[in-house]
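Sequential numbering from 1 along the given sequence is applied to the chain's residues.
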Amino acid sequence: MSWRGVGPSFTSTWTASIVSVEQLRLGISPDVPLAVQQWQGLVAVNYPARAQGVKRLDTVTEARAKCPDIRFVHVATFTDNSPPAYHTSPSATTHKVSLDEYRRASRKIMDVVKRLCPTMSKASIDEAYLDVTEIVKDSILLDLERGQLEWASSEEAAWANDARMASDVISESALVLPVPVVRWITISRKGKEREPVNEPLPGATEFGILVGDVPPATYSWSDLQLKYAAKYANHVRDVIFRELGYRCSAGIAHNKLLAKIGSAQNKPSLQTVFLQSEVESFMHALPLTSLPSLGGKLGALVEAAFDAHTAGDIMPYTVEQLAFKLGHDQALLVFNKCRAIDNSEVVDRNEPQSLSSTKNFMRYPISSLAKLERWISMNSADLWMRTSEEWELRRRWPRSLTIGYTTDGVGARSRTVPFPSRSVQSLRHSPEAIIAAARACLEKIAAGNGMGRDGGSRAGLFPLISFSLTAKALQRELANVSMMEKWLASKPVVSQAVADVEAHMPVGVTSTDNKEEDE
């Protein structure tokens with residue numbers, strides 16, 4: 001049964017991923033204020049530090065003034081003479097940031113999640129969506145067979161406001177079943193309500209924090225699904241912590257939008273459950289800028305155009321009324337977000353579409369190719385490590401190399417050249433082939449603007465304020481076929497044998513994890 005907004009979904013967020021990696025690596029207690037810095041700015045802050053007012057993007061000086069006992073750790077960096085390491089005094093003028101440690105940690109977590117819930121989608125380096133419809137359905141059917149479901153009396157069922165039937169939940173159209181009782185606070189054998197453990201928050205239950213004023217028992221098939229989903233979310237979070245040591249928050253709801261909102265409600269290590277009956281009142285009070293996609297310019301535009309501050313302020317407007325000031329596409333997005341409407345499916349996009357390495361020179365623009373040379377080498381080495389890792393993991397290799405460059409006063413431009421083939425023997429052991437391809441392309445760009453290798457003219461490539469190398473068009477290599485068959489496969493007429501091989505090759509999908517933090 002595919003997920004269509006009927007079955008439960010949940011989002012799990014690995015809390016402050018970069019900070020968690022460093023806490024585990026250094027053996028620092030999660031109760032100690034800690035921030036991860038990149039140069040003089042903070043890129044990640046743990047919750048004890050946030051409690052004292054420290055924020056992401058604060059400077060080191062500002063953070064220390066707010067929290068004198070805070071500890072800092074700089075992200076790993078590398079140079080043209082050293083591999084990625086935790087250097088004591090890295091400089092933006094000589095070092096490049098390496099995120100490899102965090103990518104490796106993310107992969108380990110995603111592997112655990114994928115093992116426990118095959119229908120999952122990686123949303124970012126520290127977040128994933130899980131569709132547990134099938135898992136929940138199987139669990140409900142099993143408890144139904146065992147006689148462990150509790151049914152509502154006719155009086156209780158009269159209170160149920162749920163259009164979802166048993167056939168929608170367990171795919172048994174021939175079954176005619178009563179409304180289930182969904183108990184959120186477990187009744188002990190002595191007939192007493194069991195208190196939630198270590199969760200002294202309003203709405204706290206052993207299944208998570210319930211949004212709104214929810215009674216101890218509800219009567220709904222959709223709520224039953226959410227209860228089973230919450231149970232499984234607890235299991236997934238427990239396994240991640242037990243095997244890897246990372247704490248997670250989670251949101252459990254009937255669509256991805258609410259699940260994502262829920263995962264942010266009770267960080268760092270609790271989960272939030274959205275019952276359908278509580279969604280409308282919650283959304284009425286939710287600040288517009290707390291909605292995904294409305295935290296930036298679009299949210300500010302909506303606030304200004306409609307004098308709105310919460311999602312509830314937008315609910316009286318129709319799509320047509322919103323479109324008058326926002327345009328149809330943005331109006332439809334805002335209309336749906338404010339009503340928690342989201343019919344998107346959980347789709348696995350775990351394979352990256354491209355791999356990038358970027359360096360910014362906003363503070364110290366580069367004035368010549370000679371000065372750019374070290375960064376060509378370092379970005380190429382970074383990209384080589386990532387493409388080599390992609391080859392080892394998925395046997396995929398890029399076909400094109402895009403060189404992006406932004407010149408002061410001109411804007412962003414790019415040029416694409418073929419990516420060096422893996423058949424180049426040296427590429428298996430060093431990034432020299434990538435360095436040569438990038439260097440040759442940049443020399444042609446510079447020469448095209450009437451500049452030599454040491455040119456410093458302000459008319460073309462320089463002063464350079466941003467530079468990137470991106471590997472694109474990643475393709476899987478044909479396995480267990482001869483060089484002749486590979487050659488034939490590239491021709492218009494393909495032999496049946498090669499066609500059969502291609503037909504059984506898995507198809508890659510895209511991922512949002514394809515960019516590096518700006519430096």
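Between Glu101 and Arg104 there is a salt bridge, with a side-chain nitrogen of the basic residue lying less than 4.0 Å from a carboxylate oxygen of the acidic one. Using a cut-off of 4.0 Å between Lys/Arg side-chain N and Asp/Glu carboxylate O, Glu127 and Lys260 are scored as salt-bridged.
Across all non-hydrogen atoms, the minimal contact from Pro316 to Arg339 is N-NH2, 4.3 Å. Nearest heavy-atom pair across Ala44 and Ile18 is CB-CB, 4.0 Å. The minimum heavy-atom distance linking Val211 with Glu278 is given by the pair O-CG, 3.2 Å. In plain terms, the two heavy atoms of Val19 and Leu34 that are nearest each other are CG1-CD2, 3.9 Å. Contact detail for Arg237 and Ser269: the closest heavy-atom pair is NH1-O, 2.8 Å. Across all non-hydrogen atoms, the minimal contact from Val302 to Val334 is CG2-CG2, 3.9 Å.
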Just list the side-chain donor-acceptor pairs under 3.5 Å for residues 462-470, sequence neighbours left out, or say none.
unit_1 : atom_1 : unit_2 : atom_2 : d
Ser466 : OG     : Asn360 : OD1    : 3.0
Thr470 : OG1    : Ser356 : OG     : 3.0

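Thr407 and Arg413 are linked by a side-chain donor-acceptor pair at a separation below 3.5 angstrom, with hydrogens and angles left out of the test. Side-chain atoms of Ser220 and Ser222 form a donor-acceptor pair, as typed in the model, at a separation below 3.5 Å. Between the side chains of Glu345 and Tyr129, no donor N or O sits under 3.5 Å from an acceptor N or O.
Not one N or O on the side chain of Ser263 forms a donor-acceptor pair closer than 3.5 Å with the backbone of Gly251. Without hydrogens or angle criteria, Arg56 side chain to Val43 main chain gives a donor-acceptor distance under 3.5 Å. Checking side-chain atoms of Asp143 against main-chain N and O of Gln148 turns up no donor-acceptor pair under 3.5 Å. Side-chain atoms of Lys96 never come within 3.5 Å of backbone atoms of Trp375 as a donor-acceptor pair (strictly under, hydrogens ignored). A donor-acceptor distance shorter than 3.5 angstrom exists from the side chain of Tyr232 to the backbone of Leu116, with no hydrogens or angles considered. Of the possible donor and acceptor atoms, one in the side chain of Asp313 sits under 3.5 Å from a partner among the backbone N and O of Thr310. At least one donor-acceptor pair closer than 3.5 Å links the side chain of Asn255 to the backbone N or O of Ala340. Without hydrogens or angle criteria, Gln40 side chain to Val60 main chain gives no donor-acceptor distance under 3.5 Å.
By the 6.0 Å contact criterion, CD on Glu280 is open, its count of non-hydrogen atoms from other residues, nucleotides or ligands being 12 or less. A 6.0 Å sphere centred on NZ of Lys66 holds more than 12 heavy atoms belonging to other residues, nucleotides or ligands.
The ring pair (Phe, Tyr, Trp, His ring centres under 6.0 Å) analysis of residues 308-344, with sequence neighbours excluded, yields the pairs Phe306-Tyr317. A ring pair (Phe, Tyr, Trp, His ring centres under 6.0 Å) check over residues 263-295, counting only residues at least two apart or in different chains, returns the pairs Phe274-Phe282.
Relative ring orientation between Trp39 and His74 is described as tilted, the plane-to-plane angle lying within the 30° to 60° band.
Scanning for side chain to side chain donor-acceptor pair (under 3.5 Å) contacts around Arg415 gives an empty result, with sequence neighbours left out. Lys114 is linked by a salt bridge (Lys or Arg N to Asp or Glu O under 4.0 Å) to Asp348, counting only residues two or more places apart in sequence or in another chain. Residues meeting the side chain to side chain donor-acceptor pair (under 3.5 Å) test with Thr272, sequence neighbours left out: Asn266.
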Any chance you could lay out the side chain to side chain donor-acceptor pair (under 3.5 Å) test for Thr402 and Thr416, step after step, and finish with the verdict? CA-CA 4 Å; Thr402 296; Thr416 299; 2.9 Å; yes
